[in-house]
Number of protein chains: 2
Amino acid sequence: MSEIQRPGALYQQVAAAIREAILSGEFAPDSLLPSEAQLMARYEVSRPTVRNAIAALRAEGLIDVRHGKGSFVRSSGQPVLTLERRISRTTEGKFVMPNGDIWQEAEAPAAYRARTTKDTGHLLQLDTDEALFGCDRLLIDPSTGTRAMHRTLIPFEVAEIVPLLAEEPCKRPAAFYRLLTEDGHKLSWSETVRARMPLPDERATMKLPDATPILHLARVTHDTDNRPLILEELRVGADRAEVSYRITADKQPARRARA
Amino acid sequence: MSEIQRPGALYQQVAAAIREAILSGEFAPDSLLPSEAQLMARYEVSRPTVRNAIAALRAEGLIDVRHGKGSFVRSSGQPVLTLERRISRTTEGKFVMPNGDIWQEAEAPAAYRARTTKDTGHLLQLDTDEALFGCDRLLIDPSTGTRAMHRTLIPFEVAEIVPLLAEEPCKRPAAFYRLLTEDGHKLSWSETVRARMPLPDERATMKLPDATPILHLARVTHDTDNRPLILEELRVGADRAEVSYRITADKQPARRARA
DNA sequence: TGACGTCACTTGTCCTTACGAGTTACGACT
DNA sequence: AGTCGTAACTCGTAAGGACAAGTGACGTCA
């Protein structure tokens, strides 16, 4: 290390030095970092040490490395896609829960039968290993290229009681809402937001960069008597998307606050 | 590799084999994986290759490695802490926006002056580099040990117009809501949820495990005329916390649906 | 009995060497 | 001029060796 002694292992010192250089602006976003060979010379360390330092910065999401080209400072752009949930009461006293019509289906939806896990069972107020109708979709927002994975789950017993849902398990959820509302049901929603690292197949399907978590949304639609009817899951890369809940006050119609 | 040939590099084959063994249940959650030496023998590869495979699984959040002890399958437990936003109208026609009173302050709040970034400026409908009052807190939920970082930001010009906010910039946000409501303001909220990898200081402050993203919540409180008054940011490890929005229908009081 | 030191195990760090593979530019050949 | 091959760069993979550092069990000593 040609620079000041820092705490920790050598590769951490190197990583810290590069990190500071990035955050201080010495290396601008999207610019090319020195090559491994140059970093070896600059800090007087071996190649594994340099690569270890670079691996740490990749895990932090600070840089992107492209085979044969070099390491680039990741432009810490904000999400380009806002999933807006506008929660308000119109003058007619209805809640609004838009379904995000921006999405297009990249493939034909895949219908199947499944069973509740501990997780989905809890959300649907069912035990584990209960039978479900399922439907998976791969969605794309054409304006930003953002990909997302969508899943609809409907319990067997709900499909019996509310035949609307059993007819076409791969119908778009927005159609379910419309049909149920026309049928006299008063719906309420519960939406849970989690974040986690993607599984390898999720990384591949959504073409996620390194060190990119995914937002995992689970929306449960409840019937009048608070019985869970439908569980929808949406998974999307957190580098592209954010979720926004806008709660407007009494009788004031929802207004766009965007610049 | 003593097993079937797979696509990709050697270390990826090893990683895939271990991953499958974990997901299939051969290695139970919280159980000890074979040591590096055992894995070297089992797959007939060198130690760097084994370590590379293990590094991949760490980045996926599948395993935890403890120096001197070994590698453990991470128990994929669900979040232990649900930040509930119950959005409903009471019979008096008021919206409810609880502030999460579970949190306790781990240290004295730190007040300071700051300037808007591109990000915070956008949320507060201000240009970049406008003056702000700021206050940072380190919060702890004593029942789960979950740590979170909280930040309050109030524009100078808002503090002039609404003197309540300037008096005590480190007052608890819930107190702001109460004071403003008593003063006749009709508040509305906009809450944005993002996820990203933590910076090193965030990892240290919140004691986050490897490969753990954070949830980043930004809540803007709007005044009657839709002017942004307060920006609150909450950062919390996504391994511990989730956010839940419950939107209940007309006049039906919010009910707990938890088991 | 209790405290402590040692040893055998674990992962962490760091080095050297070698070759494979993607990218780009330059130059020679057609 | 256009095409294509090669050379020189980049990062990716893999092996080997050596020592440091954390952990826990066991045995010795006071």
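Chain identifiers are assigned alphabetically (A, B, ...) following the order of the sequence lines, protein sequences preceding nucleic acid strands; residue numbering begins at 1 within each chain. No hydrogens, no waters, no symmetry mates; every other heavy atom, side chains included, goes into these values.
Looking at every heavy atom in both residues, Cys170(B) comes nearest to Pro109(B) through SG-CB, 3.7 Å.
Atom pair Glu44(A):CD and dC15(C):C1' shows a separation of 15 Å (rounding to whole Å applied). Atom CE in Met40(A) sits about 11 Å away from atom C1' in dT17(C), given to the nearest Å. Going from atom NZ of Lys69(B) over to atom C1' of dT10(C) covers 11 Å, rounded to whole Å. Rounded to whole angstrom, the span from the CD atom of Glu36(A) across to the P atom of dT23(C) amounts to 16 Å. Taking atom OH of Tyr43(A) as the reference point, atom C1' of dT13(C) lies 19 Å away to the nearest angstrom. One atom, CD of Gln38(A), and another, C1' of dT10(D), lie 10 Å apart when rounded to the nearest Å. One interatomic measurement links the two molecules: CG of Leu33(A) to C1' of dT10(D), which rounds to 13 Å at whole-angstrom precision. At whole-Å resolution of the value, CG in Leu32(B) and C1' in dG24(D) are 13 Å apart.
Checking the phosphate oxygens (OP1, OP2) of dC15(C), a side-chain nitrogen or oxygen of Thr49(A) falls inside 4.0 Å. Distances shorter than 4.0 Å separate some side-chain N or O of Arg51(B) from OP1 or OP2 on dG12(C). An OP1 or OP2 oxygen of dG12(D) is reached within less than 4.0 angstrom by a side-chain nitrogen or oxygen of Arg58(A).
Looking at the side chain of Ser35(B), the nearest of the listed nucleotides dC14(C), dT10(C), dA15(D) is dT10(C). Ranking dT13(C), dC11(D), dG16(D) by closeness to the Ser46(B) side chain, first place goes to dG16(D).
By the 4.0 Å N-to-carboxylate-O rule, Glu191(A) lies close enough to Arg85(A) to be salt-bridged with it.
Residues Glu130(A) and Thr116(A) bring no donor and acceptor atom of their side chains to less than 3.5 Å of each other. A donor atom on one side chain and an acceptor atom on the other are found under 3.5 Å apart for Asp141(A) and Ser143(A).
Both Ile54(A) and Pro48(A) lie near DNA chain D, and the one whose nearest nucleotide falls closer to the 5' end is Ile54(A). When each of Tyr11(A) and Ala37(B) is assigned the nucleotide of DNA chain C with its nearest heavy atom, Ala37(B) is the one assigned upstream, toward the 5' end.
Arg47(A) comes within 4.0 angstrom of a base, heavy atoms only.
At least one donor-acceptor pair closer than 3.5 Å links the side chain of Glu202(A) to the backbone N or O of Leu199(A).
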